[in-house]
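Before any comments, here is the structure.
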Amino acid sequence: MTIFHGYDGTALHYEQFGDGSPLVAIPGGPGMDARYLGTLGGLDARRRLVRLDPRGCGRSAVPADRASCAFGAQAADVEALREHLGAERIDLLGHSAGALTAQRYAAEFPHRVRSLVLVTPVGRAAREPDPAEIAALRAARAAEPWYPDAAEADALLAAGAGDPAELVRRITPFFWGRWNEAARAAAFDPESAPAAPWVREAFYAGAGAGSDAGAAQPVAAPVLVVAGARDGMIGTVPARLAAALHPDARLAVLPEVGHRPWVEDPAGFAALVGGFLDGRRP
């Protein structure tokens with residue numbers, strides 16, 4: 001195990017793959033074990049991929065103060081990891097909810113970020129899906145054989161009826177561009193299970209306070225925002241909002257993929273993100 005200590009001394013786990021300047025990857029969930037990221041479609045061939053298990057998640061320790069799991073507070077853990085790696089600057093990637101921590105870090109430590117990649121982000125400083133877009137994306141799958149069961153589970157969730165964990169499992173096909181064997185294997189990998197239920201509440205504590213964007217701050221570094229055109233979990237609106245916020249941002253909406261584009265289109269994802277990163281070499 002590879003351990004460093006966060007800003008308050010909490011023992012945090014990370015793994016490294018490949019060589020070169022570091023690309024630090026923050027998983028989503030919130031609270032997912034970073035192993036579900038794999039090599040992000042082979043990005044370890046272009047960078048030293050550093051996968052971080054956030055505090056309270058995966059193989060990292062649970063902090064004494066649960067409030068320290070708020071995404072804004074976790075930006076300090078990214079800085080502690082950068083110092084531990086001995087890197088003057090890093091490329092930073094955040095997936096889904098992890099994009100909130102990534103954006104906060106890039107705003108607070110702009111001189112430490114070479115570039116920022118936001119993959120199917122949930123928003124700028126809070127979850128910002130458009131309910132109408134999500135409904136349309138899900139309805140567009142009505143001809144698929146799994147749809148009746150997923151739609152029933154979706155309705156039960158909205159009504160607050162039934163076991164939420166089981167219902168989320170049943171609506172999982174909406175989160176993928178193609179619900180095939182590869183998607184099933186990735187979606188239900190036991191190593192990908194989210195952390196304890198309290199982590200989600202702690203992570204989002206204070207998110208969006210005061211306005212839709214909350215404490216969202218523009219990032220000065222070059223930013224690539226990647227969305228999945230069939231992402232029935234978060235949609236494309238949060239990615240579009242993030243791209244509009246950051247002055248040097250590029251938005252790429254990948255066709256036929258959902259919330260984990262590196263699983264469904266690894267070559268396309270690696271070419272897109274890798275090309276962006278290669279353009280940021282010192």
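These figures come from a predicted structure and were not determined experimentally.
Proximity of Leu277 to Ser115: side-chain heavy atoms (C-beta onward) are separated by under 4.5 Å at one or more points. Counting heavy atoms from C-beta outward, Asp8 and Ser68 have side chains that approach closer than 4.5 Å. A heavy-atom distance below 4.5 Å is not found between the side chains of Val273 and Leu40.
A donor and an acceptor atom, one from each side chain of Thr120 and Asp231, are nowhere located under 3.5 Å apart.
Leu137 and Ile234 sit in two unconnected hydrophobic clusters of ILVMFWY residues. Membership requires side-chain heavy atoms under 4.5 Å apart, directly or through other members. Grouping the Ile, Leu, Val, Met, Phe, Trp and Tyr side chains by contacts below 4.5 angstrom, directly or via other members, places Trp146 apart from Ile134. Connection of Phe174 to Leu167 is established within a shared hydrophobic cluster, with ILVMFWY side chains joined at heavy-atom distances below 4.5 Å, either directly or through further cluster members. A single hydrophobic cluster is not seen to contain both Leu52 and Tyr7; linkage of ILVMFWY side chains at heavy-atom distances under 4.5 Å, directly or through other members, places them apart. Residue Tyr147 is grouped with residue Ile171 when hydrophobic side chains (ILVMFWY) are merged at heavy-atom distances under 4.5 angstrom, including chains of intermediate members.
Just one residue in the list Leu245, Leu118, Val117 forms a side-chain contact (heavy atoms from CB on, under 4.5 Å) with Val223, and that residue is Leu118. Partner Phe17 forms a side-chain contact (heavy atoms from CB on, under 4.5 Å) with one of Arg48, Arg47, Arg51 and no other, that one being Arg51.
The shortest heavy-atom contact between Ala106 and Leu116 is CB-CD2, 4.1 Å. Of all the heavy atoms in Ala249 and Ala243, the pair that sits closest is CB-O, 3.4 Å. When all heavy atoms of Leu37 and Ala25 are compared, the pair lying nearest together is CD1-CB, 4.0 Å.
Take Arg200 and apply the side-chain contact (heavy atoms from CB on, under 4.5 Å) test, not counting sequence neighbours, and it matches Pro30, Arg127, Tyr204. Asp154 meets the salt bridge (Lys or Arg N to Asp or Glu O under 4.0 Å) test with Arg138; sequence neighbours excluded.
Alongside Val237, the hydrophobic cluster contains Leu241 (criterion: ILVMFWY side chains under 4.5 Å). The other members of the hydrophobic cluster of Trp198, by chain and number, are Val62, Val199 (side-chain heavy atoms under 4.5 Å, ILVMFWY only).
Identified under the ring-ring contact (aromatic ring centres under 6.0 Å, His included) test for residues 80-100, with sequence neighbours left out: Phe4-His84, Tyr14-His84, Tyr36-His95, His95-His259, His95-Trp262. For residues 174-183, the side-chain hydrogen bond (donor to acceptor under 3.5 Å, both in side chains) pairs, not counting sequence neighbours, are Glu181-Arg184.
Heavy atoms from other residues, nucleotides or ligands lying under 6.0 Å from CD of Glu83 number more than 12.
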task = Show the numbers, then the answer: is there a side-chain contact (heavy atoms from CB on, under 4.5 Å) between Arg104 and Gln74?
result = CA-CA 9 Å; Arg104 181 63 62 86; Gln74 291 196 51; over 6 Å; no

inquiry  = With side-chain hydrogen bond (donor to acceptor under 3.5 Å, both in side chains) as the criterion, how do Thr236 and Glu133 come out once you've worked through the C-alpha distance, each side chain's angles and the decisive distance to 0.1 Å?
reply    = CA-CA 8 Å; Thr236 67; Glu133 183 193 31; 2.5 Å; yes

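Using a 4.0 Å cut-off between a side-chain N of Lys or Arg and a carboxylate O of Asp or Glu, Arg260 and Glu264 do not qualify as a salt bridge.
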